[in-house]
Amino acid sequence: MTDTERFARAGVPERPALDGLEDTWSRRWQEEGTYAFDRSKDRADVYAIDTPPPTVSGELHMGHVFSYTHTDTVARFQRMRGKTVFYPMGWDDNGLPTERRVQNVFGVRCDPSLPYDPAWTPPERPISAEARKSPVSISRRNFVELCASLTGEDEQEFEALWRRLGLSVDWSLTYTTIGESARVASQRAFLRNLARGEAYSADAPTLWDVGFRTAVAQAELEDRERPGAYHRLRFTGPAGEDVLIDTTRPELLPACVALVCHPSDERYQHLVGGTVRTPLFDVEVPVHAHPLAAPDKGTGIAMVCTFGDLTDVIWWRELQLDTRVVIGRDGRLLPGAVDRGPYDSLAGLTVNAARRETVRLLTEAGDLVGEPRPITHQVKFYENGESPLEIVATRQWYIRNGGRDAGLRDELLSRGRELNWVPGHMHHRYEHWVSGLAGDWLISRQRFFGVPVPVWYRLDSAGEPDYDNPLTPDESALPIDPSSECPPGYVEVHRGRPGGFIADPDVMDTWATSSLTPQIVGGWMRDEDLFGRVFPMDLRPQGQEIIRTWLFSSVVRAHLEHGVLPWKDTVLSGWILDPDRKKMSKSKGNVVTPIALLEQHGADAVRYWAASGRPGTDLAFDPGQIKVGRRLATKLLNASKFVLGLGAAGALREEPTEPLDLAMLAALAGVVRTATDALASYDHTGALQAAESFFWTFCDDYIELVKERAYGEGPAAVSARAALATALEVQLRLFAPFLPYATAEAWSWWRYGSVHRATWPTVHELAHPGDPSLLTLAGEALSQVRRAKSERKLSMKAEVPLAEVLGPAEVLDRLALVEGDLKAAAHIAKLDRLPDRTPGLVIACAF
């Protein structure tokens, strides 16, 4: 059944209103399958969108509304251009943000050593602040079930908000990043990466969040300013001389394995190749030259510790230094890490406590030179963390991303150049990120609510795991959880025993799954017919801040698995700013949530505000702009009612003949051309501005000029009604991607089917021999008469006994073509033309 058969015309209501339209039309769109993807179409007729799955760990905010409205505008435009639009929605529900939300909401923490308790029930919400400070320990399975339950609630709320906003999503295509299809795709891609040598495990220095107790990837770092202090330590040179070192981390002194200076720094050349002795611990460490050492920083010579920062890791690796790790996964100094007396008083302390104790010991020993010098410096954090990152030695899984392979790096840079970036300058961020990679992509996480790493390890006769030869499942067995399932050839009794096996305890980073969203929703290896119709996709819309994570990781996975880009175009969003021009963020407490705005002003008004921001451009949150959008949507309903009240609907197929009518349609043709070109290049703002500007001219000038004629009889009246009908129909289609509710409502009053399934207007529909400037001229003439009445405080309906029109003869001759409409609209009894009296158009009114 077609839309035309399903939808009956509603008729024009007495009092058109925006209130209630969201409920009516969102329900009707769902019932009628207005936005359903037609999977019978060939790939050439499909427009596929890799929709960002929002993180389900709290509330949606105006930044979401901003960017998702942009994507929906694209989807609606492409659908009206004849494409069947593949427009899914996903929920990114696994990973650290979800775990943290569950911990905060329920006051629990996961303890994998605890057995599963099927009778356990979560506490009533909201919990007290005291309960949050003293979380209850529950088993991993109980914790995962709680995560799944809470995200399920959040997803229902998110979907309700998206439906109210009017997203033209095909909700039958919804997926979650913890769902079965996502787990299968994620594990399959990993196993294939492993088989090709693109995935590997390594015991190496790892960025570590001590709060979450998990590894963190380079792409998830952020620098935050923190207070610190330089401490000057006295090392002892080979001849007993002082070698002074400035450091902000004196607590890492027991982990010192070398000193480094710049190769050109003559102050320390005599030390290079020799050794010095550390204060307190009296350990002999080598001195090396390395270009990363900064002669103008501190004393110009630095201690290398395993590990204080990423530069330490570079020095350690390139200079092949010893390893002496002192910080554990809990952020405390490890007992027994150093067998020297002073270390005993440091073991077990937190980093901050160990720093204070080390300073005390150095002061007592006379090895702290002067007082600590306070500074403010950049410290690396996990983007969702609350404690500075540490670097600890752990075994982790990695996927090759060009960080250590120049050839692969060049291939991925080339992929970035193939991609169409909107706006174009965003490509530089990709180039900068890929060119600056310092290592491969760390994908394993020591967490619980995620896709398990699908491998096991054999245990030798001594119970030691063989990490170099992991056991893997067959793809047909996916998804699997190695912690509760056995590898081929083993049974549960073999778990943890010498000669048996153990499971890899980790889950994959959420980006390791989200990087496969085109494959997950496209049916890769699950529905090959669908996959062939949608992959590679057309569009990846996303935030600019996750170019280095989601966009780059998606390019990596598609390049390694399929040898192609996952999509042709990417459109990057700007930031939403508060009225003080500061970026909105939860941490700053300046986030505005959309539900109250949707209830107060309506979805079309909020969408109008969102559409006023171009891709990649920041937009200030402006309630005034939302009010403008509501006025526009309301005017669209009222203008539609007025035009239809003139009898325009019955004249839709008639041909306009009068000069002003042809001029108006010619001007509209230009708007259609501008809006089409803008939307085709993802400039939704330019398209909206063109349509809106014309609409107000149409309402304020054209309708006023022709309404008397439209009420009449004869060919001139038919021409007016035909032009009004054509213009209304075209404008409803022009506004449909932006104001879906108002346009759906007005369309239903007189047209069959759905405006959102109607064809996008073309200039060929408006191929009339009119002069657009004639509409401008008539509007200027009408404006001058209105101004004259306003200055005299007269009603716009006041009669003008005589009006004299002055200006160039050519201008007056053209104005004569619309003289009848002008006189009727301005209530002019007599109009005299006085050519060549003034250089421009002037209308003098006599009252």
Side-chain angles (χ1 to χ4, degrees), residues 30 33-54 71 74-75 78-79 82-94 148 152 155 159 162 167-196 451-452 454 472-481 508 510-541 550 553-569:
Q30 181 65 24
T34 304
Y35 308 126
F37 173 66
D38 182 357
R39 57 180 299 158
S40 69
K41 299 293 186 180
D42 293 336
R43 181 63 185 90
D45 298 320
V46 172
Y47 187 87
I49 301 173
D50 183 17
T51 320
T71 304
V74 174
Q78 292 292 342
R79 192 178 290 113
K83 297 285 188 178
T84 181
V85 176
F86 184 76
Y87 187 15
M89 182 56 68
W91 310 120
D92 191 8
D93 46 12
N94 76 61
E155 286 158 13
E159 180 176 333
W162 282 152
L167 298 192
S168 59
V169 164
D170 182 343
W171 290 100
S172 70
L173 302 174
T174 303
Y175 68 95
T176 70
T177 57
I178 201 66
E180 181 172 330
S181 61
R183 283 182 283 129
V184 170
S186 185
Q187 291 184 333
R188 174 185 291 118
F190 171 82
L191 292 174
R192 293 189 176 189
N193 291 139
L194 180 61
R196 293 192 296 261
V451 178
T472 59
D474 187 83
E475 286 188 12
S476 63
L478 302 177
I480 64 153
D481 182 355
M508 286 187 262
T510 187
W511 294 116
T513 299
S514 297
S515 61
L516 296 162
T517 50
Q519 291 87 341
I520 293 168
V521 74
W524 174 51
M525 300 300 294
R526 183 183 79 248
D527 187 340
E528 287 298 280
D529 178 74
L530 174 64
F531 194 63
R533 297 178 194 277
V534 302
F535 186 87
M537 294 189 170
D538 294 274
L539 175 65
R540 158 63 72 82
W550 192 34
S553 62
S554 299
V555 171
V556 170
R557 302 308 283 279
H559 176 75
L560 295 177
E561 182 63 38
H562 309 286
V564 297
L565 277 174
W567 357 260
K568 295 186 298 184
D569 303 334

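Quick note: numbers below take in every heavy atom, side chains included, and nothing from hydrogens, waters or symmetry partners. Please read all numbers here as calculations on a predicted model, not as lab measurements. Here, residue 1 is the first one in the sequence, and each next residue gets the next number.
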Which atoms form the tightest heavy-atom contact between [X] and [Y], and what is the distance?
X    : Y    : value
P566 : V555 : CD-CA, 4.1 Å
A185 : L516 : O-CD1, 3.8 Å
Y47  : I49  : CE2-CG1, 3.6 Å
D170 : S172 : OD1-OG, 2.6 Å
A189 : R557 : CB-NH2, 3.2 Å

Taking [X] for its side chain and [Y] for its backbone only, find out whether a donor-acceptor pair lies under 3.5 Å.
X    : Y    : value
T177 : D93  : yes
R43  : G532 : no
Q187 : P452 : yes
S186 : A182 : no
D38  : T84  : no
D42  : A44  : no

Subject >> Set of residues satisfying side chain to side chain contact (heavy atoms under 4.5 Å, CB included) with respect to P88, sequence neighbours excluded >> reply: T51, F86, L173, V521
**OP:** Using a strict 4.0 Å threshold on nitrogen-to-oxygen distance, state whether D527 and R39 make a salt bridge.
**Re:** yes
Give, for atom [atom1] of [X] and atom [atom2] of [Y], the distance between the pair rounded to the nearest 0.5 Å.
X    : Y    : atom1 : atom2 : result
F37  : L530 : CZ    : CG    : 6.0 Å
S515 : I520 : OG    : CD1   : 7.5 Å
M537 : D569 : CE    : CG    : 13.5 Å
N193 : R188 : CG    : CZ    : 12.5 Å
T71  : L539 : OG1   : CG    : 6.5 Å
R192 : M525 : CZ    : CE    : 4.5 Å

Excluding sequence neighbours, so at least two apart, what forms side chain to side chain donor-acceptor pair (under 3.5 Å) with [X]?
X    : answer
Y175 : none
S554 : R540
W567 : D50
D45  : none

For residues [X] and [Y], determine if any side-chain heavy atom of one lies less than 4.5 Å from a side-chain heavy atom of the other.
X    : Y    : value
P536 : P518 : no
V451 : F190 : no
S168 : V85  : no
R196 : E561 : yes

Original post:
Mind checking whether F531 and H562 have parallel, tilted or perpendicular rings, split at 30° and 60°?
Top reply: tilted
Original post:
What residue among K568, R533, K83 forms salt bridge (Lys or Arg N to Asp or Glu O under 4.0 Å) with D538?
Top reply: K568
Subject >> Step-by-step side-chain contact (heavy atoms from CB on, under 4.5 Å) determination, V564 to F535 >> reply: CA-CA 10 Å; V564 297; F535 186 87; 3.9 Å; yes
**OP:** Apply side-chain contact (heavy atoms from CB on, under 4.5 Å) to V184 and R526, showing your working.
**Re:** CA-CA 9 Å; V184 170; R526 183 183 79 248; over 6 Å; no
Subject >> Qualifying residues under ring-ring contact (aromatic ring centres under 6.0 Å, His included), relative to Y87, sequence neighbours excluded >> reply: none
Original post:
Does the side-chain contact (heavy atoms from CB on, under 4.5 Å) test come out yes or no for D92 and W550, once each step is laid out?
Top reply: CA-CA 12 Å; D92 191 8; W550 192 34; over 6 Å; no
